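To start, I am sharing the structure in question, which I have written as structure tokens.
Bear in mind that the values here come from a model prediction, so they are computed numbers and not experimental data.
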Amino acid sequence: MFSAKRLTRLRALLERRVESGAVPGALVVLARRGEVHVESVGTLSFDSSSPVMATDTIVRLASMSKPIVAACAMTLIEDCTLRLDDPVDDHLPELADMRVLADPTGPVEDTVPAARPITVRDVLTFTIGTGMAPEGAPIGDVLNSLGRPSLDEWVGLLGKVPLVHQPGERWMYDSAAAVLGVLIQRATGQTFGTALRERILEPLGMKDTGFSVDPANFDRFATAYDHEDGPDGAVVEDAPETGYWSRPPVFESGGGGLVSTAEDYLTFASAMLAGGTYQGTQILSRAAVTLMTSDQLSPEQRAVSGFYPGYFASTSWGLGLGVATDRTGLGPSAGSYGWNGFYGTAWYNDPAEELTSILIQQRAHAGDPLLPFQRDFWTTVYQSLT
């Protein structure tokens, strides 16, 4: 399954990461064909009295929330509450009859009508037409000013802002995940958090996953740090007792609002790898998992999308998560799927290798989610396979 000798390289990699002062602690979980291997180095914070990092340490998932939220939406598609190619207008009238920028980098007043409605598929594939805007574009300032009011208020504000591109034209990151949360809330008639808990978290026994942390569990909640040091060292970006996740939020973010543990996330990942079932509990059909985890972008969409030119050369997007379309290095096989998180977390399932890999740390990255450390992480994981 794993080479015991070669796994020592994984531990050495984590030790170097912690000893460098980059993070106070890091944890890796590898699961393959019934074998689970855990490597844990360091602590929950730079405070010398902090507990050690463990599989029940609570961390901010950031964008690793997106696949869980997408799975919840897929349960609504399976029970025919939603249909992939239906417009979202009935549930999200705020996003009906949208205007679109005539020039994505031009003035926000210069618009044309949307060529077609936004569909449920657009929301899951991140092709709704809005998201992270081109650098320096006026629309970026408008989108950034929306803030985090209630989900209903937020989507109302979003509907008053022109789309950057026509629906279905290209992949744009992040905003669609928040829209998906509102869509789930409206379609179920429940709060987003309640729907997520009843459809995914409770059936799988993911007891430590949610939009906030109970004060009784603050001792297991890791501190999150900014990517840059200050004059006195690492800068705390979010503290367990006083930070954003210390109380239930007004804005339950489908794009990055969940906290969880390595243990909980392994349960979700295991269910996905097994075709939607975990220890006898089925949350999705195998067909739904296959659809979620297969390439859903056209060659034309990939050619004009991504964080930088050529981003989608060997990767693409399924429904709410990333998928590998080619193997270009010592890392996940073609057909692997998963996603990274802003605070240095990462997860991929590799069906060809029957492998789940989860990385846990809590320090913001400085732009590129595939930092040298993460590249070394994937190399070290895959060189350990027998």
Is it the case that the side chains of H37 and E39 hold a donor-acceptor pair, with the cut-off being a distance below 3.5 Å and no angle test? yes

Any chance you could lay out the side-chain contact (heavy atoms from CB on, under 4.5 Å) test for T380 and F377, step after step, and finish with the verdict? CA-CA 5 Å; T380 308; F377 166 71; 5.9 Å; no

Ion pair present between R186 and D152, side-chain N to carboxylate O less than 4.0 angstrom? yes

Side chains of T345 and Q361 in contact at under 4.5 Å (non-hydrogen atoms): no

Cut-off 3.5 Å, side chains only: do D326 and S314 have a donor facing an acceptor? no

Note: V235 and G230 closest approach over all heavy atoms is CG2-N, 3.3 Å

Examine the side chains of Q301 and R170 and answer whether a donor and an acceptor come within less than 3.5 Å of each other. no

Shortest non-hydrogen pair, P167 vs I118, comes out as CG-CG1, 4.0 Å

Any donor-acceptor pair under 3.5 Å from E169 side chain to Q166 backbone: yes

Derivation of the side-chain contact (heavy atoms from CB on, under 4.5 Å) call for L30 and T356: CA-CA 6 Å; L30 304 178; T356 293; over 6 Å; no

Please find out if less than 6.0 Å separates the ring center of F312 from that of W317. no

Contact summary for A187 and L76, nearest pair of heavy atoms: CB-CD1, 4.2 Å

Say whether T281 and Q279, considering side chains only, have a donor N or O and an acceptor N or O under 3.5 Å apart. no

Under a 4.5 Å cut-off applied to non-hydrogen side-chain atoms, are L84 and T119 in contact? no

Under a 4.5 Å side-chain heavy-atom rule over Ile, Leu, Val, Met, Phe, Trp and Tyr, are L44 and Y343 clustered together? no

Counting N and O atoms only, with roles assigned by atom type, does the side chain of R375 sit under 3.5 Å from a partner on the main chain of T379, one being a donor and the other an acceptor? no

Following the transitive rule for hydrophobic clusters with a side-chain heavy-atom cut-off under 4.5 Å over Ile, Leu, Val, Met, Phe, Trp and Tyr, establish whether V304 and L163 coincide in one cluster. no

I'd like to know if R9 pairs up with D376 as an ion pair, taking the criterion as any Lys NZ or Arg NE/NH1/NH2 lying under 4.0 Å from an Asp or Glu carboxylate oxygen. no

Should L95 and V155 be marked as a side-chain contact (heavy atoms from CB on, under 4.5 Å) after you check the CA-CA gap, both sets of side-chain angles, and the distance that decides it? CA-CA 8 Å; L95 301 185; V155 80; 4.1 Å; yes

Quick check on E135: does its CD atom have over 12 non-hydrogen neighbours (other residues, nucleotides or ligands) under 6.0 Å away? no

Is D110 paired with R99 through a side-chain N to carboxylate O contact shorter than 4.0 Å? no

Using a 4.5 Å cut-off on heavy atoms from C-beta on, say whether the side chain of M172 contacts that of S305. no

Are the side chains of R302 and T325 in contact, using a 4.5 Å heavy-atom criterion? no

Validation row: F126, K66 side chains within 4.5 angstrom (heavy atoms): yes

Output for pair (T8 OG1, L13 CG), nearest 0.5 Å, gives 11.5 Å

Taking atom types as modelled and ignoring hydrogens, do the side chains of S45 and D47 form a donor-acceptor contact shorter than 3.5 angstrom? no

If you take all heavy atoms of V69 and G254, which pair is closest and at what distance? CG2-O, 3.6 Å

Answer yes or no: is there a donor N or O on one side and an acceptor on the other, between the side chain of R121 and the main chain of R83, under 3.5 Å? no

Do the side-chain N and O atoms of T75 and E78 include a donor-acceptor pair separated by under 3.5 angstrom? no

Flag, side chain of Q185 to backbone of T191, donor-acceptor distance under 3.5 Å: no

Taking the side chain as C-beta and beyond, is there a heavy-atom pair between L359 and V29 under 4.5 Å? no

Find out if a path of hydrophobic residues (ILVMFWY) with successive side-chain heavy-atom gaps under 4.5 Å connects L10 to V52. no

For the residue pair P149 and E153, what are the closest heavy atoms and their distance? CB-OE1, 3.6 Å

Working to the nearest 0.5 Å, report the span between NE2 of H365 and CG of D226. 12.0 Å

Using 0.5 Å steps for rounding, measure from the OG atom of S175 to the CG atom of L180. 12.5 Å

Rounding to 0.5 Å, atoms CE (M53) and CG (L27) come to a distance of 6.5 Å

When you measure from the side chain of Q296 to the backbone of T125, do you find a donor-acceptor pair of N or O atoms at a distance under 3.5 Å? no

Salt bridge check, E228 against R363: does any charged N sit closer than 4.0 Å to a carboxylate O? no

Which heavy atom in S65 sits nearest to a heavy atom in G257, and how many Å separate them? OG-N, 3.6 Å

Would you say CG of D97 has more than 12 non-hydrogen atoms from neighbouring residues, nucleotides or ligands within 6.0 angstrom? no

Output yes when a side-chain donor or acceptor of S384 lies under 3.5 Å from a complementary backbone atom of S3, and no otherwise. no

Would you say the rings of Y278 and F268 are close, in the sense that their centroids are separated by under 6.0 Å? no

What's the spacing between R199 CZ and I68 CD1 if we round to 0.5 Å? 16.0 Å

Are the side chain of S246 and the backbone N or O of G243 linked by a donor-acceptor pair below 3.5 Å? yes

Is it true that D122 and R116 make a salt bridge, defined as a side-chain N closer than 4.0 Å to a carboxylate O? yes

Looking at Y337, W339, W378, which one forms a ring-ring contact (aromatic ring centres under 6.0 Å, His included) with Y348? W378

With clusters defined by side-chain heavy atoms of hydrophobic residues (ILVMFWY) lying less than 4.5 Å apart, directly or transitively, does V250 cluster with L146? no

Checking T267, D264, T261 against T209 for side-chain hydrogen bond (donor to acceptor under 3.5 Å, both in side chains), the one that qualifies is D264

Side chain proximity check, M206 to R197, heavy atoms < 4.5 angstrom: no

Let me check something: do I128 and V112 share a hydrophobic cluster, defined by ILVMFWY side-chain heavy atoms less than 4.5 Å apart, either directly or through other members? yes

Tell me if the centroids of the rings in Y173 and F307 come within less than 6.0 Å of each other. yes

Is a side-chain donor or acceptor of S253 paired with a backbone partner of G256 at a separation under 3.5 angstrom? yes

Intermediate values then yes/no, side chain to side chain donor-acceptor pair (under 3.5 Å), Q190 and E198: CA-CA 10 Å; Q190 301 173 300; E198 291 184 359; 2.9 Å; yes

How long is the straight-line distance from CE of M132 back to CG of N144, given to the nearest 0.5 Å? 9.0 Å

Candidate list R148, R60, E237, test side-chain hydrogen bond (donor to acceptor under 3.5 Å, both in side chains), partner Y244, passing option: R148

Side chains of V100 and T111: does their closest heavy-atom pair fall under 4.5 Å? no

Mind checking who shares a hydrophobic cluster with F46, ILVMFWY linked at side-chain heavy-atom distances under 4.5 Å? Y225, V236

Set out, in order, the CA-CA distance, both residues' side-chain angles and the distance that settles side-chain contact (heavy atoms from CB on, under 4.5 Å) for L355 and N349, then state yes or no. CA-CA 6 Å; L355 172 68; N349 274 355; over 6 Å; no

Salt bridge flag under 4.0 Å for residues R32 and E354: no

